[in-house]
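One structure is given here, and the rest of the page talks about it.
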Amino acid sequence: MSEAETQQGDAIAARLDDEALIVDVDGFEGPLDLLLTLSRRQKVDLRRISVLQLSEQYLRFVEAARELRIELAADYLVMAAWLAFLKSRLLLPPDPTEEGPSAEDLAAHLAFQLERLEAMREAAGRLMGRDRLGREFFGRGAPETHAIEKRTQHTATLLELVQAYARLRTKDDFRPYAFDRTDIFPLETALERLRGMIGEAVTWSDLASFLPPGWRAAGGRRRSALASTFAASLEMAKQGQLDIQQGETFAPIRVRLRPQEAR
Amino acid sequence: MSPSDLTDDDDDNSPIVAPKDPNDSPGLFPVPPMGEQERMVEAVLFASAEPVSIAELQKRLPEGCDVAEAIVHLRSRYSGRGVHLVRVGNGWAMRTAADLGWLMRTEQVEQRRLSRAAIETLAIIAYHQPVTRAEIEEIRGVTLSRGTIDQLMELGWIRFGRRRMTPGRPLTFVVTDAFLDHFGLETPRDLPGVKELREAGLLDSRGMPGQQNPSDDDEEDPGQTELFED
Amino acid sequence: MSPSDLTDDDDDNSPIVAPKDPNDSPGLFPVPPMGEQERMVEAVLFASAEPVSIAELQKRLPEGCDVAEAIVHLRSRYSGRGVHLVRVGNGWAMRTAADLGWLMRTEQVEQRRLSRAAIETLAIIAYHQPVTRAEIEEIRGVTLSRGTIDQLMELGWIRFGRRRMTPGRPLTFVVTDAFLDHFGLETPRDLPGVKELREAGLLDSRGMPGQQNPSDDDEEDPGQTELFED
């Protein structure tokens, strides 16, 4: 066999290999799982894995998947980008000015992640392979409950509890938007109050004297009540029920009942 | 059936009892020793929901086993113990010794689920404690019936907390250690938030923008922390 | 709790163990002899399908009984039998010997097949507990799908643990006594290979170099110290 033929043969074998993987791409539980599968091909202890070689294999896989127009999840592409970065760091001589972990540290961590994932896989296998209740060993088939004394016990699980709470919370979230009005003196109330009191104001009176008790101290409540009462006075002036007077800018606003003859 | 009946049975079936000549054995494997047979009968009777007949046991044990004899041995082994091997109708079963029946009485509890009002109230108390009656009503949007609080008190899951230092000094409610114990929580802080529930797939509704984790709120309220130390 | 722990308990509680002078007895009636106590524990454990905690046993037996000692006796009585007394977390239960599982075909329950993701997630929670969602995802290298946690919760094999005292105070997951019961484990320490994995550093939560290691903070939190010490 010529060298060219050998190369071609290798290429086909590699390609078949890759295709086998691609067909199974759905079977992988993410990029780390894929890396673990690829690393098994190196047939070495995971602690002695060549991360460089592994990165190349992974990048080749992603490339092949692209050629076959297989859409890879973003996770796989993120890992590809990271491995490409790692690969370049591993190939280049270390830059002493560069901060952060060395390429070797990063490679060692990747190897650790693979080893840990594999260890967990094995542990899961051993766990599921254990003698299990209801399969290899059994509890009492006829638990005894002599129904003599009946006592009602209410039970609830944590799941029910948190779901109940979530239901309440979610109900709240769907509440139609409403401004929570506290400390707001509504115009309607101001109008009503002013109408009731204006009869007493036969002489000029400070608008502020019409503010309801509890809304007179300086602050937000006073501002709100003053604004509403002022708006109410404008409304009543428009209706010809009162007169408004202000001596100069920022001077107190005064109102009085409009004399009968002026109406 | 008395042990003597069993012995009679033995005699009737003598050809299949522990054959000395392996050629007589109808099975492929040697018959297990009597101690093993006894263990097998013990396990089957323990795990069965119904009494098991000799015939059924014979079918389940390896060929060549002498179930009747195993039962005689097992029965005497359990005699005087807290559990007895008894004949029930056509079969055999394990039963608590009659003189210890009084021990079983606490088992007779009828489990009933909490009403929706109760579980919601409990949830509000757990997540918002210390919380007043008015606040519970505000959150649920309905009046709190007396029975609900009484029920939760009786269950030992809530208790009165300290009075709120607001006008009227209303009583507050808090959850108890029994509550934590029942729900497998170490502290009230371990209650999952709405966001976490959603992430864990325990909540179907869609994610709401700007949704807060209720437990995050807790942290901002210095009043909350004291309680957790109770 | 190992048998030696039980013995320690004995010492602690020695004043209430079978007082010789009836006047020492805290109850109205003399404490039953150990043989009787053993029968009672036997009856209660046989009657229950679920593990029963020492505390529960203590509550059901007459005052002054030494449940822990009775369990030690009972356990040795059942060793090698068709039914065993096994420890499950904080409780005790009677279970058939695993080598006789083949006899129990009629009792076998159809087990729901777990997805690979669910199995791995379960193993990670068991070996790394208490473990956060982010750590599970870091170990598996994929996002944890919502149904996975849901399924394991429904099986009653995992529950919420206490919150991690790190920024965001994430919830943790831990395995339950039902998990231990199902897999025939006395404590999480008995998980297969857990010691070797720990010694090999494979249970460390090691973050990417250069990134903040989430587990660093844990060390400072005494509350988080391994569940395996339970």
Side-chain angles (χ1 to χ4, degrees), chain A residues 27-36 46-47 73-76 78-79 82 99-110 112-146 157-159 162, chain C residues 43 45-51 83-84 86 93-102 104 107-109 111 114 116-117 119-124 126-128 138-143 153-154 159-160 178 181-185 191-194 197 200-204 206-211:
Chain A
F28 287 110
E29 303 247 342
L32 211 52
D33 184 29
L34 170 57
L35 275 170
L36 189 57
L46 280 176
R47 283 164 198 262
D75 292 0
Y76 288 85
V78 170
M79 178 63 90
W82 188 80
E99 294 205 351
S102 70
E104 280 69 28
D105 288 344
L106 294 175
H109 184 71
L110 181 62
F112 166 74
Q113 279 180 293
L114 293 173
E115 201 190 342
R116 183 173 61 181
L117 179 60
E118 179 152 271
M120 280 301 110
R121 290 265 158 88
E122 277 170 15
R126 285 165 79 180
L127 188 63
M128 300 314 279
R130 282 184 69 83
D131 292 335
R132 287 159 67 180
L133 181 65
R135 242 178 42 169
E136 281 82 19
F137 63 93
F138 297 82
R140 184 72 191 274
E144 284 171 70
T145 46
H146 304 199
T157 64
L158 182 61
L159 200 58
V162 292
Chain C
L45 293 180
F46 256 85
S48 172
E50 305 296 325
V83 176
H84 292 160
V86 297
M94 305 294 310
R95 297 286 179 253
T96 63
D99 66 310
L100 299 176
W102 55 274
M104 262 25 109
E107 275 78 31
Q108 269 164 12
V109 280
Q111 314 237 351
L114 286 179
R116 186 169 145 193
I119 292 170
E120 285 181 17
T121 303
L122 178 65
I124 290 167
Y127 283 83
H128 290 261
E138 153 85 18
I139 293 171
R140 297 194 60 235
V142 276
T143 317
M153 286 259 179
E154 243 172 58
R159 65 175 176 86
F160 294 116
D181 194 15
H182 184 88
F183 291 97
L185 297 162
L191 283 164
V194 72
L197 288 171
L202 291 170
L203 300 185
D204 302 348
R206 216 186 284 172
M208 179 74 77
Q211 285 177 6

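To find a chain, count down the sequence lines: A is the first, B the second, and so on, and within it residues start at 1. Here the structure is a predicted model, which is why all the values come from computation and not from measurement.
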Salt bridge (charged side-chain N to carboxylate O under 4.0 Å, His left out) contacts in which one or both residues fall within residues 126-143 of chain A, not counting sequence neighbours: Arg140(A)-Glu144(A)
Contact winner vs chain A - Thr96(C), Val142(C), Val86(C), heavy-atom pairs under 4.5 Å: Thr96(C)
Which of Asp99(C), Leu197(C), Thr143(C), Leu185(C) touches chain A most, by non-hydrogen pairs under 4.5 Å: Leu185(C)
Point-to-point distance, once rounded to the nearest 0.5 Å, from CZ of Arg95(C) to CG of Leu133(A): 5.0 Å
Side chain proximity check, Phe137(A) to Met104(C), heavy atoms < 4.5 angstrom: no
Interface residue of largest heavy-atom contact number with chain A, from Gly101(C), Ala200(C), Gly201(C), under 4.5 Å: Gly101(C)
Most contacts with chain C, counted as non-hydrogen pairs under 4.5 angstrom, among Arg121(A), Gln113(A), Met128(A), Glu122(A): Arg121(A)
Pick from Val83(C), Ile119(C), Leu45(C), Leu114(C) with the largest number of heavy-atom pairs that fall under 4.5 Å of chain A: Ile119(C)
Nearest non-hydrogen partners of Pro143(A) and Ser48(C), listed with the distance: CB-C, 4.4 Å
Largest heavy-atom contact set with chain C, pairs under 4.5 Å, which of Leu36(A), Leu35(A), Leu106(A): Leu106(A)
Side chain proximity check, Arg116(C) to Asp33(A), heavy atoms < 4.5 angstrom: yes
Chain A interface, residue from Met94(C), Glu138(C), Glu50(C) that has the most non-hydrogen pairs under 4.5 Å: Glu138(C)
Distance (rounded to the nearest 0.5 Å) between Leu202(C) CG and Glu118(A) CD: 10.0 Å
Ala117(C), part contacting chain A, at a heavy-atom distance under 4.5 Å: both
